[in-house]
Amino acid sequence: MTGSRIQDELFSPRSPRAKYASLVVGQPGLAALLKYELVIGLAQARAGAPGLVLRKLLYPWLLGSCGRNVVFGQNVVLRHPHKIHIGSNVVIDDNCLLDAKGETNAGIRIADGVFVGRNSILSCKDGDIELNTGANIGFNCEVFSASRVTIGAGVLMAAYAYVIGGDHDFSDPGKSVLDQSRTSSGVTIGDGAWLGAGAKVLDGVTVGSHAVVGAGAVVREAVPDGAVAVGVPARVVSSRAT
């Protein structure tokens with residue numbers, strides 16, 4: 001998998017409008033650009049109750065689909081919003097980034113009852129992200145996908161947890177890592193799992209249902225259902241099974 005750098009896209013010879021549409025709006029044409037700018041200009045940074053009301057009313061215009069009772073905090077940023085689908089009774093807290101960017105991906109799907117905490121990032125690079133029913137993403141977390149990342153129902157990600165659904169090829173020592181291809185096998189976090197504060201789950205890993213990953217752990221290999229894994233690198237130390 002290869003991918004152009006943001007710098008390359010920003011400084012390409014295309015028109016500023018075309019570059020902005022490609023990186024941010026995600027759809028060509030003046031109408032899509034004007035709709036995006038109108039909604040963002042009126043609602044994104046508006047403080048207090050008026051801002052909450054405006055975002056609740058206007059953000060669904062940009063999204064692929066949006067259920068009922070969705071709360072968007074102040075300064076929630078949407079990129080390629082037509083590929084973002086949100087269920088009902090969802091909270092996206094202040095300063096979050098929902099970035100569904102990509103040319104061939106389906107984007108971001110957030111099911112009913114999900115909470116995404118303040119300053120957290122859902123970032124696609126031609127990948128897909130799925131947050132299933134009732135998942136809770138804590139403050140300052142990141143979920144990155146260059147292929148597919150699935151967060152199961154009822155998963156708890158504590159603050160500063162990082163799910164990394166992509167990697168870089170570094171096999172050629174004569175080239176910068178930036179000049180080599182990207183790789184991605186994806187990540188799956190099973191239903192009811194708990195990632196402790198600052199835990200990092202690397203590309204290609206499956207964390208089983210109802211497993212626990214300790215604070216600060218770095219997970220490089222699969223964690224079985226119901227297991228408790230801690231440390232750097234993470235190792236299974238016990239099981240929650242009765």
Side-chain angles (χ1 to χ4, degrees), residues 6 71-79 84 86 90-101 108-111 113-125 127-168 177 182 184-224 226-238 240:
I6 295 296
V71 176
F72 297 97
Q74 188 176 7
N75 294 318
V76 169
V77 176
L78 306 175
R79 294 181 184 159
I84 299 173
I86 300 178
V90 170
V91 175
I92 311 295
D93 205 352
D94 296 346
N95 305 316
C96 287
L97 168 63
L98 307 185
D99 184 354
K101 189 163 57 265
I108 297 171
R109 289 193 171 270
I110 300 174
V114 169
F115 175 86
V116 181
R118 184 170 302 183
N119 303 319
S120 288
I121 297 171
L122 307 181
S123 177
C124 299
K125 192 170 181 68
D128 300 324
I129 294 172
E130 182 176 0
L131 306 184
N132 283 292
T133 304
N136 188 304
I137 311 301
F139 304 137
N140 299 288
C141 291
E142 181 169 0
V143 178
F144 170 80
S145 175
S147 58
R148 183 167 187 81
V149 171
T150 301
I151 307 295
V155 165
L156 174 59
M157 286 178 59
Y160 296 96
Y162 189 4
V163 175
I164 310 165
D167 207 344
H168 292 273
V177 173
R182 301 183 69 97
S184 181
S185 300
V187 175
T188 299
I189 310 296
D191 293 349
W194 175 23
L195 306 185
K200 296 173 178 63
V201 180
L202 304 188
D203 186 45
V205 167
T206 295
V207 175
S209 297
H210 303 286
V212 173
V213 175
V218 177
V219 185
R220 303 190 306 181
E221 298 179 347
V223 177
V228 178
V230 301
V232 180
R235 59 187 181 87
V236 174
V237 295
S238 64
R240 301 177 65 200

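All values reported here derive from a predicted model rather than from experimental measurement. Positions are given from 1 along the sequence.
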Check your understanding: With a 4.5 Å limit on heavy-atom distance, are the side chains of L122 and I110 in contact?
Key -> yes
Review point. So, the side chain of N95 versus the backbone of R118: is there a donor-acceptor pair under 3.5 Å, distance only?
Key: no
Exercise for review: Could you go through the side-chain contact (heavy atoms from CB on, under 4.5 Å) check for I151 and V114 one step at a time?
Suggested key: CA-CA 11 Å; I151 307 295; V114 169; over 6 Å; no
Review point. Considering only heavy atoms from C-beta outward, does the side chain of I189 approach that of M157 to under 4.5 Å?
Key: no
Point to revise | Minimum side-chain heavy-atom gap I129-V163 below 4.5 Å | key: no
Review point. Under a 4.5 Å cut-off applied to non-hydrogen side-chain atoms, are T150 and N132 in contact?
Key: yes
Review point. Can you check whether I121 reaches D99 side chain to side chain, under 4.5 Å on heavy atoms?
Key: no
Practice item. May I ask you to check whether over 12 heavy atoms, not counting those of Y160, lie within 6.0 Å of atom OH? Key: no
Check your understanding: How about R148: does its CZ atom have over 12 heavy atoms from other parts shown lying under 6.0 Å from it?
Key -> yes
Exercise for review: Give a yes or no on whether the backbone of G138 and the side-chain of S120 come within a donor-acceptor separation of less than 3.5 Å.
Suggested key: yes
Point to revise | Expected output: side-chain S147 to main-chain G186 donor-acceptor under 3.5 Å | key: yes
Review point. What's the verdict on side-chain contact (heavy atoms from CB on, under 4.5 Å) for I108 and C124, showing C-alpha distance, side-chain angles and the deciding distance?
Key: CA-CA 8 Å; I108 297 171; C124 299; 3.7 Å; yes
Point to revise | Cationic N near anionic O, under 4.0 Å, E221 to R235 | key: no
